[in-house]
Amino acid sequence: MTLKTDTRVSPELERLIEKLHCRGRLRVWSIIFTIFGDAVEPRGGILSAGSLSTLLDRLRIEPGAVRAALSRLAAEGWLERTRRGRNSFYAMSPAGRRRMNIAITKVYSGSDPLWDGQWCLCLTPAENRPKREVRKQLLMARGFVALTSSVFIQAKTDDVGVSDDHESDGTDGCVLFYGTTENTGNLCKMVSESVDLDGAQTAYATLIDNFQPLGKLLDSGKILTPLDAMAARTLLIHDFRRAVLKDPSLPANILGEDWKAPAARKLTGALYKKLLTASETWLDGCSGGIDGPLPNSDPGLMQRFVKSH
């Protein structure tokens with residue numbers, strides 16, 4: 001039996017695409033990064049430029065902008081290109097994969113982080129401004145909060161932490177202290193005042209407003225074509241990833257009951273599962289691999305947004 005796509009779903013997707021383009025200058029490289037982290041890595045890690053262009057064209061991104069973004073990512077060492085005749089294939093470089101892995105746990109966790117009251121205090125070495133800024137971005141991606149230019153602190157929840165690769169997580173050359181404090185309330189207040197919670201809160205609230213209508217349509221039994229489902233999945237994870245990377249991963253007792261992250265995560269997880277089958281069908285048929293079809297998805301794909309506690 002062939003399922004017929006309900007035409008009422010397509011305008012909702014077009015509305016989401018329009019919102020993507022109304023934000024100002026589009027960072028195509030960031031969307032490509034989302035696609036590789038979300039859809040390509042579980043499928044063997046490599047995708048043809050043609051298949052990538054087909055997906056980005058559905059998002060109304062011009063071919064010239066795609067070529068420029070791919071060139072930039074390759075030149076900066078985030079992607080690696082392989083040529084087979086006239087065809088080009090792209091995969092994340094080791095550096096790109098390390099960068100992606102920083103966000104993976106935070107993005108696809110099925111529940112809000114748990115905190116046992118332990119903190120990690122990080123003292124950074126003296127550096128020039130460019131190096132200091134790079135380190136700051138790496139530490140913040142790991143869930144650290146900047147108290148000063150050289151002192152960072154992290155509430156050690158189960159979705160963040162220092163990795164074994166200290167260079168990629170920003171802790172190389174640093175001094176780390178672990179422990180609890182008797183002045184938890186004062187420290188929580190100090191930490192919350194040192195971060196831009198409004199930015200993350202706004203991003204979560206906007207995601208909820210933008211994607212609830214699509215969720216309701218899919219709840220009512222409407223369906224999307226495989227390509228449209230892949231496009232919607234890309235938009236969803238791209239917006240959620242952007243919100244999560246603004247989120248300092250502070251414990252719930254610091255953030256308060258009106259914090260939008262739990263509702264945004266619940267909506268994203270539910271909608272992701274509704275889009276997964278159709279979007280994976282598109283990946284099955286896109287012939288984006290070097291030798292034809294992409295490999296089957298990694299079993300870990302089905303564990304995304306599944307609660308672990």
Side-chain angles (χ1 to χ4, degrees), residues 16 19-20 23-41 69 72-73 76 78-79 92 95-113 115 120 122 132-146 152-163 165 168-171 191-192 194-211 233-252 254-255 259-269 271-272 304-305:
L16 291 170
K19 285 184 175 293
L20 174 71
R23 292 175 185 161
R25 185 176 181 181
L26 193 61
R27 298 195 301 171
V28 179
W29 65 268
S30 183
I31 297 173
I32 292 174
F33 213 82
T34 294
I35 293 169
F36 271 84
D38 177 62
V40 180
E41 281 300 300
R72 173 183 173 179
L73 288 168
E76 293 181 355
W78 302 119
L79 289 181
M92 278 194 173
R97 192 167 288 110
R98 286 195 299 269
R99 178 175 176 176
M100 175 198 67
N101 287 338
I102 290 175
I104 284 291
T105 302
K106 292 180 70 174
V107 170
Y108 295 108
S109 174
S111 54
D112 299 318
W115 182 52
C120 175
C122 176
R132 190 166 64 242
E133 186 59 29
V134 170
R135 185 184 297 279
K136 178 181 178 180
Q137 295 304 317
L138 289 171
L139 289 171
M140 290 177 66
R142 278 288 179 189
F144 281 92
V145 172
F152 294 77
I153 194 165
Q154 176 192 76
K156 285 189 55 47
T157 58
D158 58 347
D159 71 335
V160 297
V162 177
S163 71
D165 187 349
S168 69
D169 70 18
T171 60
V191 170
S192 64
S194 300
V195 296
D196 178 23
L197 293 177
D198 290 342
Q201 182 80 324
T202 298
Y204 283 131
T206 300
L207 182 145
I208 292 169
D209 290 342
N210 287 347
F211 285 92
R233 171 178 161 184
T234 299
L235 292 172
L236 174 69
I237 293 302
H238 186 63
D239 281 8
F240 189 62
R241 181 174 72 91
R242 290 172 69 243
V244 165
L245 292 180
K246 296 176 188 289
D247 187 341
S249 296
L250 298 176
I254 297 179
L255 298 169
W259 185 238
K260 300 293 185 182
R265 183 173 297 279
K266 182 178 180 180
L267 172 64
T268 300
L271 187 50
Y272 191 79
R304 288 177 172 177
F305 297 105

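Note that the coordinates shown come from a computational prediction; the quantities given were computed from them, not determined experimentally.
With values rounded to the nearest 0.5 angstrom, L267 atom CG is found 9.5 Å from F240 atom CZ. Taking CH2 of W29 as the reference point, atom CH2 of W78 lies at 9.0 Å (rounded to 0.5 Å). In this structure, the separation between CZ on R27 and CG on L20 is 11.5 Å, given to the nearest 0.5 Å. Remark: I104 CD1 to E41 CD distance equals 8.0 Å, nearest 0.5 Å. To the nearest 0.5 Å, atoms CH2 (W259) and OH (Y204) are separated by 6.0 Å.
Contact record, C122 with F144: CB-CE2, 3.7 Å, taken as the closest heavy-atom pair. The two atoms that bring A69 and V28 nearest to each other are CB-CG1, 3.7 Å, heavy atoms only. Summarising the geometry of T268 relative to L207, their closest heavy-atom pair is OG1-CD2, 3.5 Å, with the distance given to 0.1 Å. Residue A146 comes nearest to S194 through the heavy atom pair O-CB, 3.6 Å, listed as atom of the first residue, atom of the second, then distance. R23 and H238 make their closest contact through NH1-CD2, 4.2 Å (heavy atoms, listed as atom of the first residue, atom of the second, distance). The minimum heavy-atom distance linking R265 with S109 is given by the pair NH1-O, 2.6 Å.
Tested against E133, the residues R135, Q137, K136 include a single side-chain hydrogen bond (donor to acceptor under 3.5 Å, both in side chains) partner, Q137.
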Could you walk me through whether N210 and L235 pass the side-chain contact (heavy atoms from CB on, under 4.5 Å) check? CA-CA 10 Å; N210 287 347; L235 292 172; over 6 Å; no
Before you tell me yes or no, could you show the steps for I237 and Y108 under side-chain contact (heavy atoms from CB on, under 4.5 Å), namely the whole-Å CA-CA distance, both residues' side-chain angles and the distance that decides it to 0.1 Å? CA-CA 9 Å; I237 293 302; Y108 295 108; 3.6 Å; yes
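Within the 4.5 Å cutoff, the side chain of D38 has no heavy atoms near those of the T234 side chain. Two residues are said to be in side-chain contact when any heavy atoms from C-beta on lie closer than 4.5 Å; I31 and L26 meet this criterion. Counting only heavy atoms from C-beta outward, the side chains of V145 and M140 never approach each other to under 4.5 Å. The shortest side-chain heavy-atom distance between R242 and D239 falls under the 4.5 Å cut-off. No side-chain heavy atom of L73 sits less than 4.5 Å from a side-chain heavy atom of F36.
Not a single donor-acceptor pair under 3.5 Å links the side chain of K260 to the backbone N or O of I208. A distance-only check finds a donor-acceptor pair linking the side chain of R97 to the backbone of M92 [under 3.5 Å].
Side-chain contact of R241 with S30: a donor-acceptor pair under 3.5 Å is present, judged by distance alone.
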